[in-house]
Amino acid sequence: MLAICIKNDWIRYAQADIDNQSFILNQLEQRPLPPELRSCDLRSPELAVQLQKLFQEIIDSRSIPDREVFISLGYDWVDCHLLDVDRRLSVVENETYLKWVFEQRQGILWEDTVVFFQETTNGDDNTTQVLTITAMKNVIESIKIALDNSGTVPVWMEPSVQSIMRVVTKTTDEFTARSMTIEPSGEIFRAQFHTKDQLKAMAEIKLRSGKFSSKFVKGDAAFVDGCLSDLNAFLKNNYLKLNLQVFLIGEFSEKYLKVLRQKNGQQELITIVNPFSGMENSRVELPPVTRGSWFVEIVGLMQRRLG
Amino acid sequence: MTDINLFDKSGFQERMVEPLTKPETESIPRKKKKSKEMKKLRFFPKEEIYAMLVAIGIGLLVWWYYSLTTFVRSDIKEFTPQEFMRRLESGQDNISWLRALEL
């Protein structure tokens, strides 16, 4: 299989052989996106041509030919939301309601938008949360066409939120009920919040004067506030037991590390996501942990392939 | 949590869990309808009660007006001076003060 992740002006990809519920890594690469695909117009008819050129280069660079392609797209390519719906309504009624909500939000872009829904088990007796993904029709069509024209088979495509969650929830220890995955993005952090098997919220958070606060939240705001207030209490009094696992993708600058690298006995606050931990079969040299964490979506896609 | 494949069809890709309280959603309007009907049958709304009171009031006023007009004579006939003196003399009218004045 070929796993590709496009996010933050980077494209990362890996080629792996699937062998009896495990995979053998044959190739692991990353490269910056070509300038014409950075912050590009997602409705541009040129998109398919530019993507095909990029995919063709990747396919040509493979040491072992492969046809199955799995793709993960970052937040700059697809948008994710968590919305409440009435559990007592039928599927058709809920779908009509959600489409109406997005039609109001998207305005004139609605005609060019495609929207996907997935029910979660969050909610109470009367409401349930639905993960919704919106994307430009042109993006999905262009990727499909580009892969088809490159002689590969587009099998699976998902937002990076789901690829990350698949890896992180497997890493979460049995005793911690909540986890938070943060990824530095300029002066802010993109974060997603999970329970053991559920995505609870996505947020942009900031760190000011040694305190975390949310800039905006999609999903369960009370859950995010609870996690951040516990984290702030821990940063203030590090003898407290923190019932929250904090995962990091990438690396912090020194000023953030100073605040965050605090220890309480054997409890370390931040765990850098190591998607390759426990991987024994690899024909390529695996990157060190910090750089390896950037490939979390790639491993998430491979786990998806394994099922 | 089931995954979403963006290469697949849009909307809900897997069927949502059937509504847990589906029978309730059907029974709620029925119950409401029934209770409204029952309310309509047993009780009048406020507006209707006010309208009835006003109608009864108007009816009473009409009845009072006609009964008053029948009680108070409106066709008062004035005596001519001759007739008046004749009645006075015959003692049909008990107007003692007029007699005293005459005397």
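Here the structure is a predicted model, which is why all the values come from computation and not from measurement. Note on naming: letters A, B, ... go to the chains in the order of the sequence lines (proteins, then strands), and numbering restarts at 1 for each one.
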Q: Specify the closest pair of heavy atoms between A:Ile140 and B:Leu6, including all atoms of both residues, with the distance to one decimal.
A: CG2-O, 3.6 Å
**Q.** Worked verdict on A:Leu98 versus B:Phe12 for side chain to side chain contact (heavy atoms under 4.5 Å, CB included)
**A.** CA-CA 11 Å; A:Leu98 288 167; B:Phe12 280 104; 4.0 Å; yes
Q: Would you name the heavy atoms of B:Ile4 and A:Gln118 that are closest together and state the gap between them?
A: CD1-CB, 3.3 Å
Q: Using non-hydrogen atoms and a 4.5 Å limit, figure out which bit of A:Val115 sits close to chain B: side chain, backbone, both or neither.
A: backbone
Q. To the nearest 0.5 Å, what is the distance between CG (B:Asn5) and CZ (A:Phe70)?
A. 8.5 Å
**Q.** Side chain, backbone, both or neither of A:Val78 within contact of chain B (heavy atoms, under 4.5 Å)
**A.** side chain
Q) From A:Gln162 CD over to B:Asp3 CG, what is the distance, rounded to the nearest 0.5 angstrom? A) 5.0 Å
Q. If you round to the nearest 0.5 Å, how far is CE of A:Met157 from CZ of B:Phe7?
A. 4.0 Å
Q: Verify the neighbour count for atom CD of A:Gln104: are there more than 12 heavy atoms of other residues, nucleotides or ligands below 6.0 Å?
A: yes
Q: Please check if the side chain of A:Glu95 supplies one atom and the backbone of B:Gly11 the other of a donor-acceptor pair under 3.5 Å.
A: no
